[in-house]
Novice: 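This is the structure I have questions about; it appears just below.
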Amino acid sequence: MIPSREQALGMLRAMVRVRRLEERCAEDYAAAKIRGFLHLYIGQEAIAAGVLPALGAADSVVATYREHGHALLRGLPARAIMAEMYGRSGGCSRGRGGSMHLFSREHRFFGGHGIVGAGLPVAIGLALADKLLGTRGVTCVFFGEGASAEGEFHESLNLASLWRLPVLFVCENNLYAMGTALARSEAEPEIHKKAAVHRIGSEVVDGMDVAAVTEAASQAIDRVRETGAPWFLECLAYRFRAHSMFDPELYRDRSEVETWRTRDPITQLVSRMAGAIMPEDIAAIEAEAAAEIADACAFADASPLEPVEDLLLDVRAP
Ligand SMILES: Cc1ncc(C[n+]2csc(CCOP(=O)(O)OP(=O)(O)O)c2C)c(N)n1
């Protein structure tokens, strides 16, 4: 698919917003404003930017701990995301979740899950509810290839197929699960083939190419909505940064990372659309993103910590 100028600008804007937000997160982590774990999505932005705009407001989204970009592109305000990162009460999870637990019922964004594979059964539940209520909603669940080693991956695919549930499974295959290369841990490294075992149709797409992801995702979402049956999209991508902020990256060569960087989804789109996307367009998008992030961080800085008296709020005891 060759996008129109307007489509390309939309894709670029989405990826730049995510990239710059996360670069700021890395800085704020170094400054100890963000604590705990932080898993950056840098390099993989074309996937969220390609899939999320194809969903409607009544659809549901479930993601992993690498979900800041998904949350932003799902429409959560940057303010609510940054305040959550800082652990402040103005955060989307009132500062109780932090980077791995961004939630917003209003945006039908159901996490943010720290446990590998944990979002998959949640997606099955959401899709079952949609089916029983007859809403025609689609649930889109993002997960890494590492999740395919989990039992709940197969349990979820099995039920989605058996009960014919409207789920789009989006596997973000970035070749590594923490420090473990896919080929060292999986007998079947072509993850989409695992969907076939459960009689779920699938497609593999270049996850560094936002136009390719956009096309595959919108077709897949239409198909799920029309048939009510699940579909599996495997997006081949690469994370440019470490797994998390605690990772010395001893498991891959710098040269491998540099080779993948030549396929950066942002620069790739800009060079492919040269002549349609102008330097002034890029400058305007960068300025908008910078203003959005500066505003979000100022909001987060000014947002108070949750008062100690509220500590037991929402805590349930049997
Ligand atoms: C059930 C479970 N096992 C182990 C971990 C530790 N862990 C955190 S991230 C991760 C790697 C997951 O890789 P993948 O699913 O490919 O996603 P990526 O981090 O590459 O986005 C592991 C093993 C965990 N959080 N949950």
Side-chain angles (χ1 to χ4, degrees), residues 15 18-19 21-22 25-26 29 35-52 61-73 97-102 109 111-124 140-157 168-195 202 204-208 213 232-252 256-257 260-261 263 265:
M15 293 194 290
V18 173
R19 175 79 53 98
L21 181 93
E22 290 217 310
C25 287
Y29 195 88
R35 314 292 288 268
F37 286 102
L38 178 68
H39 309 84
L40 299 178
Y41 192 55
I42 293 175
Q44 296 177 225
E45 296 91 341
I47 304 174
V51 175
L52 287 163
V61 178
V62 187
T64 69
Y65 42 81
R66 207 178 291 290
E67 90 286 29
H68 324 130
H70 305 75
L72 188 69
L73 299 183
S99 79
M100 297 197 288
H101 301 106
L102 303 178
F109 187 80
H113 296 269
I115 303 299
V116 173
L120 288 155
V122 173
I124 299 306
C140 179
V141 55
F142 295 88
F143 52 94
E145 83 291 344
S148 74
E150 296 284 344
E152 55 196 334
F153 170 85
H154 291 284
E155 291 162 3
S156 300
L157 265 68
L168 176 62
F169 294 96
V170 180
C171 177
E172 303 203 30
N173 183 355
N174 62 14
L175 302 175
Y176 293 92
M178 290 180 95
T180 306
L182 178 57
R184 289 171 63 98
S185 59
E186 287 296 302
E188 176 49 86
E190 292 182 65
I191 308 297
H192 64 280
K193 291 191 174 166
K194 300 185 185 206
S202 67
V204 183
V205 66
D206 179 355
M208 308 300 276
V213 178
F232 194 100
L233 197 59
E234 180 179 356
C235 303
L236 303 175
Y238 201 78
R239 63 171 157 73
F240 295 161
R241 299 284 185 110
H243 165 76
S244 73
M245 303 311 272
F246 297 115
D247 169 13
E249 286 189 83
L250 301 176
Y251 49 85
R252 60 185 191 179
E256 181 183 295
V257 182
W260 276 91
R261 275 186 190 279
R263 295 177 53 197

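We count ligands from 1, going down the list as the structure has it; atoms in each ligand are counted the same way. For clarity, every value in this text was computed on a predicted model and none was experimentally measured. Counting from 1, the numbers follow the sequence of the chain as shown.
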Novice: Has ligand 1 got any nitrogen or oxygen that is less than 3.5 angstrom from a nitrogen or oxygen of Q44?
Specialist: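 No, there is no polar N/O contact under 3.5 Å.
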
Novice: Would you please indicate if the ring centroids of Y65 and F37 are separated by under 6.0 Å?
Specialist: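 No; F37 has its ring centre 6.0 Å or more from that of Y65.
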
Novice: If only side-chain N and O atoms count, and only distance matters, is there a donor-acceptor pair under 3.5 Å linking Y41 with E172?
Specialist: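 The criterion, which ignores hydrogens and geometry beyond distance, is satisfied for Y41 and E172.
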
Novice: For atom 17 (O) of ligand 1, find the nearest protein heavy atom and state the residue, atom name and distance (0.1 Å precision).
Specialist: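 Going atom by atom, the protein heavy atom closest to atom 17 (O) of ligand 1 ends up being Y65 OH, 3.1 Å.
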
Novice: So which protein heavy atom does atom 21 (O) of ligand 1 come closest to, and at what separation?
Specialist: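 Atom 21 (O) of ligand 1 sits closest to the protein heavy atom R66 NE, 2.9 Å.
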
Novice: What atoms of ligand 1 come within less than 4.0 Å of a heavy atom belonging to N174?
Specialist: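 Those qualifying, in numeric order: 18 (P), 20 (O), 21 (O).
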
Novice: Going by the closest heavy atom to atom 1 (C) of ligand 1, which one wins out of E172, E150, M100, M178?
Specialist: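 It is E150 that holds the nearest heavy atom.
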
Novice: List the closest protein heavy-atom neighbour of atom 14 (P) of ligand 1: residue, atom name, distance to the nearest 0.1 Å.
Specialist: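 For atom 14 (P) of ligand 1, the nearest protein heavy atom comes out as G146 N, 3.5 Å.
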
Novice: Closest non-hydrogen protein atom to atom 25 (N) of ligand 1, residue and atom name please, with distance?
Specialist: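 Checked against all protein heavy atoms, atom 25 (N) of ligand 1 sits closest to G114 O, 3.0 Å.
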
Novice: Any side-chain heavy-atom pair from E155 and P121 closer than 4.5 angstrom?
Specialist: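 No, too far: nothing below the 4.5 Å cut-off.
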
Novice: In terms of atom number and element, which parts of ligand 1 are under 4.0 angstrom from non-hydrogen atoms of Y176?
Specialist: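 Listed by number with element, the hits are 16 (O), 20 (O).
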
Novice: Would you check if the distance from the ring center of F143 to the ring center of H113 is below 6.0 Å?
Specialist: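 No, the ring of F143 stays outside the 6.0 Å limit from the ring of H113, centre to centre.
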
Novice: Which protein heavy atom lies closest to atom 26 (N) of ligand 1, and at what distance to 0.1 Å?
Specialist: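 Of every protein heavy atom, V116 N, 3.1 Å lies nearest to atom 26 (N) of ligand 1.
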
Novice: Is A177 close to ligand 1, meaning an N/O of one under 3.5 Å from an N/O of the other?
Specialist: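 The answer is no, given that A177 and ligand 1 share no N or O pair closer than 3.5 Å.
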
Novice: With backbone taken as N, CA, C and O and side chain as the heavy atoms from C-beta onward, which portion of H243 lies under 4.0 Å from ligand 1: side chain, backbone, both, or neither?
Specialist: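 H243 to ligand 1: side-chain contact only, backbone stays beyond 4.0 Å.
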
Novice: Could you tell me, atom by atom, which parts of ligand 1 come under 4.0 Å of a heavy atom of A147?
Specialist: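 Near A147, the atoms of ligand 1 are 15 (O).
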
Novice: Would a line drawn from the ring center of H243 to the ring center of Y176 be shorter than 6.0 Å?
Specialist: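 When the ring centroids of H243 and Y176 are compared, they turn out to be at least 6.0 Å apart.
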
Novice: May I ask you to decide whether R241 forms a salt bridge with D247, counting only side-chain N to carboxylate O separations under 4.0 Å?
Specialist: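 D247 and R241: not salt-bridged.
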
Novice: For the pair K194 and E145, find out whether any cationic side-chain nitrogen is under 4.0 Å from an anionic carboxylate oxygen.
Specialist: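 Judged by the 4.0 Å cut-off on N to carboxylate O distance, K194 and E145 do not form a salt bridge.
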
Novice: Does R19 pair with E22 as a salt bridge, N-O distance under 4.0 Å?
Specialist: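 Looking at R19 and E22, the cut-off is not met.
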
Novice: Which ligand 1 atoms are under 4.0 Å away from a heavy-atom of E145?
Specialist: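 Counting from 1, the qualifying ligand atoms are 16 (O).
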
Novice: Less than 4.5 Å apart, side chain to side chain, heavy atoms only: is that true for R261 and Y238?
Specialist: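 Side chain of R261 against side chain of Y238, heavy atoms only: no contact under 4.5 Å found.
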
